[in-house]
Number of protein chains: 4
Amino acid sequence: MTSPKQRIIETALRLFSTQGYNTTGINQIISEANVAKASFYQYFKSKEDLCVEFLNARHTYWFNALNSFTASETRVNSKVIASFDFLIFMNKKEDFRGCSFLNTLSEIPMDNQKILAVIQNHKSDLRSYFLELLNNQELSDHVYLLFESSIIESQMFRSNELIEVSKRLITNLIQ
Amino acid sequence: MTSPKQRIIETALRLFSTQGYNTTGINQIISEANVAKASFYQYFKSKEDLCVEFLNARHTYWFNALNSFTASETRVNSKVIASFDFLIFMNKKEDFRGCSFLNTLSEIPMDNQKILAVIQNHKSDLRSYFLELLNNQELSDHVYLLFESSIIESQMFRSNELIEVSKRLITNLIQ
Amino acid sequence: MTSPKQRIIETALRLFSTQGYNTTGINQIISEANVAKASFYQYFKSKEDLCVEFLNARHTYWFNALNSFTASETRVNSKVIASFDFLIFMNKKEDFRGCSFLNTLSEIPMDNQKILAVIQNHKSDLRSYFLELLNNQELSDHVYLLFESSIIESQMFRSNELIEVSKRLITNLIQ
Amino acid sequence: MTSPKQRIIETALRLFSTQGYNTTGINQIISEANVAKASFYQYFKSKEDLCVEFLNARHTYWFNALNSFTASETRVNSKVIASFDFLIFMNKKEDFRGCSFLNTLSEIPMDNQKILAVIQNHKSDLRSYFLELLNNQELSDHVYLLFESSIIESQMFRSNELIEVSKRLITNLIQ
DNA sequence: CATGAATGAGCGTTCATTCAT
DNA sequence: TATGAATGAACGCTCATTCAT
């Protein structure tokens, strides 16, 4: 069996992703992770602390999933388009729950620097991901911005319509 | 003195915008609105009900502010760009709190149809706003998507940088 | 249209009978009686006051219904048995809700003399009802006691079984 | 000092018995039991849950008290009569508060199956108690029904009169 | 005679966290 | 290292009643 700490993080990963941060209570987490309450506070000094670890775990999971999904594409342009297809794939898999990082951003108080930093870090990496692919700051930012919209619009309308729109726009942009 | 209902809505407008929906309790609202708890529930059958009214009020306020801000621009292209400047203006005014509708979207359970409808309605109106300005579905959607990213990226990074990037991208798109 | 006071009493009759005293709020009563809140407190100085009037109205209604139901019986013994059939009739009509007076007795604080008096008065009348029929204190008390059990047992078990048992016992007692 | 759970049950036993279920709030219970509110909800997932435990505890307590009270009687007939004397004893001890089970029956919504089951179970055991004593279904039901009336009539009239009447009736029935 | 606005007190419940062992 | 007991504060909401008009 995995370690208590690992079980807590895995449970948080599942619950925070699907129910949101505020909606998910410590009690549910420790109960589903089969961990004593005091054990929880041994590994995480607060729920906020767990949130940071959750976002880090999500970061890793998400980029791994993205890279796996697009691995078979060799040409840059196809890889970019496949990244948007990845959103469609994830929307199906996670029922249009959107981006954990943006969702968390809306749930925490504005002055929570620690969590904010993790969120910003994730999105900076995403921005770099497109920059590394496209090697053109303006173009990659353009794609990044449409990618971000694609996430939230599809979450909001429970529909991939605007992802498809974005794909068409980008196809035009990158030939 | 204004009516209790009005004071409640104004207080909710202020508190939900700045602190978020879940973080703001009924107790704080009624206390700052100087209203008895039972009075609150005479006007709003639930907190969710108030949320709907809040979003409606915010919708009206936001579009009025947008129209005021861009009123002096006569040419379409300038009006579009001015809309992005409006985001910068609001970020300064509201300290990068982002979009109440997107923030609320992240705070409510996924199956809350009533609130979701209000959120979708607001964004549909925004999408139409750009369509009416530009009279070109693909182009206006493009602008709409960059507008949405601009909001969330500037909220997340507490910076207008990516709004400026979007402005440059759009300037190229619409000449 | 009937008078406001009348409408209130009729509504209370309906709601207190079916939902109980504590479960039924003033708001529901005035709303279903189409009466303003302040009007209510013009006619009844408190909810307790209404309870008294409700029990009085129920007293009249119940004895009228009992007398109607047993009117066709001419012989004493048949009238007594018919009284128990009346319980079965009422259980069907009111879905085993039991006796409003005994239910209210359990709902009010023990020291509420005003309401207690109305309850005692009702049951004294019932005891007298059987005494007048049977002209024999011991026998009529015997029947009265089985009648009371019949009400509460059928309410508790949502079944007329023990009413039928009582009927058989009484048939033996009075030949 | 006893455990919190024990203190809660004991307090509930005292307060529900004397004040009724709806009248007794969680706040009073935890305050008089010297227990934090959250501790209460660790042991009982709802007030209804506590009600079930209360009725179970009352069931045990009541039958124990009954058996103790009648233990010295060896002949069946004396044991039956002693059971009615037990009611007189309890009325003195508990100031004519009647039967917790019947009182609760009147306080809960009709569709509360969980509590209803506990109530029915208690009374079924009582019915069996007389059946085992008397070994005659019709006779024991007769006694059971007079026993039930005796409880509610003495509660309603704050008097043991009708218990004495019942005792006389039963003495005649069983010689 | 009639009203609807407004209230204080209390409801049952859940939260993230700490303590004693 | 690991635990379950215990907590204070706050949650959203409903109650019977009163007041100003």
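Protein chains get the first letters and strands the later ones, always in sequence-line order, with residue 1 at the start of each.
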Given atom [atom1] of [X] and atom [atom2] of [N], what is their separation to the nearest angstrom?
X: Ile30(B); N: dG8(E); atom1: CD1; atom2: C1'; result: 10 Å
X: Ile108(C); N: dA16(F); atom1: CD1; atom2: P; result: 16 Å
X: Lys5(C); N: dC1(E); atom1: NZ; atom2: P; result: 12 Å
X: Gln6(B); N: dA5(E); atom1: CD; atom2: P; result: 15 Å
X: Asn34(B); N: dG8(E); atom1: CG; atom2: C1'; result: 15 Å
X: Asn27(B); N: dG8(F); atom1: CG; atom2: P; result: 19 Å
X: Ile8(D); N: dA6(F); atom1: CD1; atom2: C1'; result: 11 Å
X: Phe40(B); N: dG8(E); atom1: CZ; atom2: P; result: 16 Å

Residue closer to the 5' end of DNA chain F, Ser39(D) versus Tyr43(A) (nearest nucleotide): Tyr43(A)
NZ or CZ of Lys5(D) within 45° of Phe40(D) ring axis and under 6.0 Å: no
Test: Lys47(C) cationic atom under 6.0 Å from Tyr41(C) six-membered ring centre, within 45° of axis: no
Side-chain donor/acceptor of Ser17(B) to backbone N/O of Leu13(B), under 3.5 Å: yes
Sugar-phosphate, base or nothing in reach of Pro4(A), heavy atoms under 4.0 Å: nothing
Nucleotide pairing, DNA chain E (Watson-Crick or G-U, distances under 3.5 Å), in dot-bracket with [ ] and |: .||||||||||||||||||||
Under 3.5 Å side-chain donor-acceptor pair for Asn103(D) and Gln155(D): yes
No-hydrogen, no-angle side-chain donor-acceptor test under 3.5 Å, Thr11(A) and Glu32(A): no
Any N/O donor-acceptor pair, Lys37(D) side-chain to dT13(E) base, under 3.5 Å: yes
From CA spacing to verdict: side-chain contact (heavy atoms from CB on, under 4.5 Å), Ile115(C), Ile119(C): CA-CA 6 Å; Ile115(C) 292 180; Ile119(C) 295 171; 3.9 Å; yes
Spacing of CG belonging to Asn22(C) relative to OG belonging to Ser106(D), to within rounding of 0.5 Å: 11.0 Å
Point-to-point distance, once rounded to the nearest 0.5 Å, from OG1 of Thr104(A) to CE of Met156(B): 11.5 Å
dT14(F) OP1/OP2 closer than 4.0 Å to side-chain N/O of Tyr41(B): no
Aromatic plane relationship, Phe101(D) with His122(D) - under 30° parallel, 30 to 60° tilted, over 60° perpendicular: parallel
Parallel, tilted or perpendicular: ring planes of Phe16(B) versus Phe54(B), cut at 30 and 60 degrees: perpendicular
5′-ward residue of the pair Ile26(D)/Gln42(B) relative to DNA chain E: Gln42(B)
Would you tabulate the nitrogen or oxygen pairs shorter than 3.5 Å linking the protein to nucleotides 19-21 of chain E?
none

For Glu10(D), salt bridge (charged side-chain N to carboxylate O under 4.0 Å, His left out) partners two or more places apart: none
Contacts of Asp95(D) that satisfy salt bridge (charged side-chain N to carboxylate O under 4.0 Å, His left out) - sequence neighbours left out: none
Name of the residue among Arg14(A), Arg158(A), Arg58(A) meeting salt bridge (charged side-chain N to carboxylate O under 4.0 Å, His left out) with Glu94(A): Arg58(A)
Nucleic acid contacts of residues 44-52 of chain C, taken as heavy-atom distances under 4.0 Å to DNA chain E: none
Stretch residues 10-24 of chain A: residues that reach within less than 4.0 Å of DNA chain E through a heavy atom: Thr24(A)
Asn112(C) and Lys114(C): CA distance, side-chain angles, deciding distance, side-chain contact (heavy atoms from CB on, under 4.5 Å) verdict: CA-CA 6 Å; Asn112(C) 192 323; Lys114(C) 219 167 4 172; 3.9 Å; yes
